[in-house]
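Here the structure comes first, spelled out in structure tokens, and everything after it is commentary.
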There are 2 protein chains.
Amino acid sequence: MAKENQELRKVGLKVTLPRIKILQVLESAAEHHMSVEDVYKALLDAGEDVGIATVYRTLTQFEGAGLVTRHHFDEDHSVFELNRGDHHDHMVCVESGKVIEFYSDEIETLQKKIAEEHEFDLIGHTLILYVKPKK
Amino acid sequence: MAKENQELRKVGLKVTLPRIKILQVLESAAEHHMSVEDVYKALLDAGEDVGIATVYRTLTQFEGAGLVTRHHFDEDHSVFELNRGDHHDHMVCVESGKVIEFYSDEIETLQKKIAEEHEFDLIGHTLILYVKPKK
DNA sequence: CTAATTGCAAAAGCTTTGCAGCGCA
DNA sequence: TGCGCTGCAAAGCTTTTGCAATTAG
């Protein structure tokens, strides 16, 4: 599978086994959002012998390279999500912990408008809806 | 000043000197958003002799009691803001670190609508706009 | 008086870093 | 071959916790 190699080369990172493996974990994960622990355990489960320090370093590098995005759904752990080229925000169910992705053009537009009204350019944003199932 | 005493009693917390002092710091601070360190230093500067553990415990209790709200503008430190009864979101200038509060009825409404469309009730949300000054 | 609260210091995470050895280009 | 990368273990940070002394009601 040369796909990972290309992705790494494209962002100027050396193609190494740990990096390829971490990319593969993120690409094939059932859950798009994984913590460092999640990734680390997935690697161990797959029989890979990487240190958790490498997972930390690698995910941080991937973030810097724009390969992944870091989220903070709860105040502790970061979770990482592979960038698939589409922007979206998140809805987190407070009961099940399930994460749902959504996108609202209207909200995006309003955010930009609000920033402009204050004489600012919008660089980025964090929007998380905390929800629970309707009864 | 009995105002703090009442606020504490109202939420069922014993009225103690550290709690009163911490409330006063939050009420009189120039900046609405303070980290544990900020509060701790303000207390020391005021000549108060409290342990930082107490500041952590107290702010967490205040949060549980609804007296303050905890925010995570950057991924490290929490910052706390005294609840003054109005809901608002935040805009953070990535250059100066300045925090601006804003409120958009339209965004609030859209959020609720989006949650509903997914068969959820909206419990809360986090919205932070990262901005920089227009050139 | 009794239970809650506090301060100190130790413990507990999670994350980062130093360094020697290993691996990619 | 040379520089970057990795693993390990140690160090760092922020936050939490145990406990004896103190304080509020």
Check your understanding: Near DNA chain C, which residues from residues 48-62 of chain B have a heavy atom under 4.0 Å away?
Key -> D49(B), V50(B), G51(B), A53(B), T54(B), R57(B)
Exercise for review: Measure from CZ on R19(A) to P on dG4(D) and round the result to the nearest Å.
Suggested key: 11 Å
Study note, to complete from the structure: note: I22(B), atom CD1; dG7(C), atom C1'; distance rounded to Å ~ 13 Å
Practice item. Measure from CG on L44(A) to P on dC8(D) and round the result to the nearest Å. Key: 10 Å
**Study point:** Any donor-acceptor pair under 3.5 Å from D45(A) side chain to A42(A) backbone
**Key:** no
Practice item. Quickly, which of H87(A), E81(A), M91(A) forms a side chain to side chain contact (heavy atoms under 4.5 Å, CB included) with E101(A)? Name it, please. Key: E81(A)
**Study point:** Separation of atom NZ in K41(A) from atom C1' in dC14(C), rounded to whole Å
**Key:** 13 Å
**Study point:** Between dG13(C) (P) and D74(A) (CG): distance, integer Å
**Key:** 16 Å
Revision key, fill the gap. From CD1 of I20(B) across to C1' of dT6(C) the rounded distance in Å is 14 Å
Review point. Hey, what do you get for CG (D89(A)) to NE2 (H125(B)), rounding to the nearest 0.5 Å?
Key: 12.0 Å
Study note, to complete from the structure: Here the distance between atom P of dG7(C) and atom CG of L43(B), to the nearest Å, is 10 Å
Review point. Could you give the CZ-to-C1' distance, from F80(B) to dT14(D), as a whole number of Å?
Key: 12 Å
Check your understanding: With the sugar-phosphate defined as primed atoms, P, OP1 and OP2, and the base as all remaining atoms, what B/S/- string results for nucleotides 20-25 of chain C, 5' to 3', for protein heavy atoms under 4.0 Å?
Key -> ---BBS
Check your understanding: Taking the six-membered ring for Trp, are H71(B) and F73(B) parallel (under 30°), tilted (30 to 60°) or perpendicular (over 60°)?
Key -> parallel
Check your understanding: To the side chain of H77(A), which of dT6(D), dT5(C), dC14(C) is closest?
Key -> dC14(C)
Point to revise | Expected output: side-chain R70(A) to main-chain S78(A) donor-acceptor under 3.5 Å | key: no
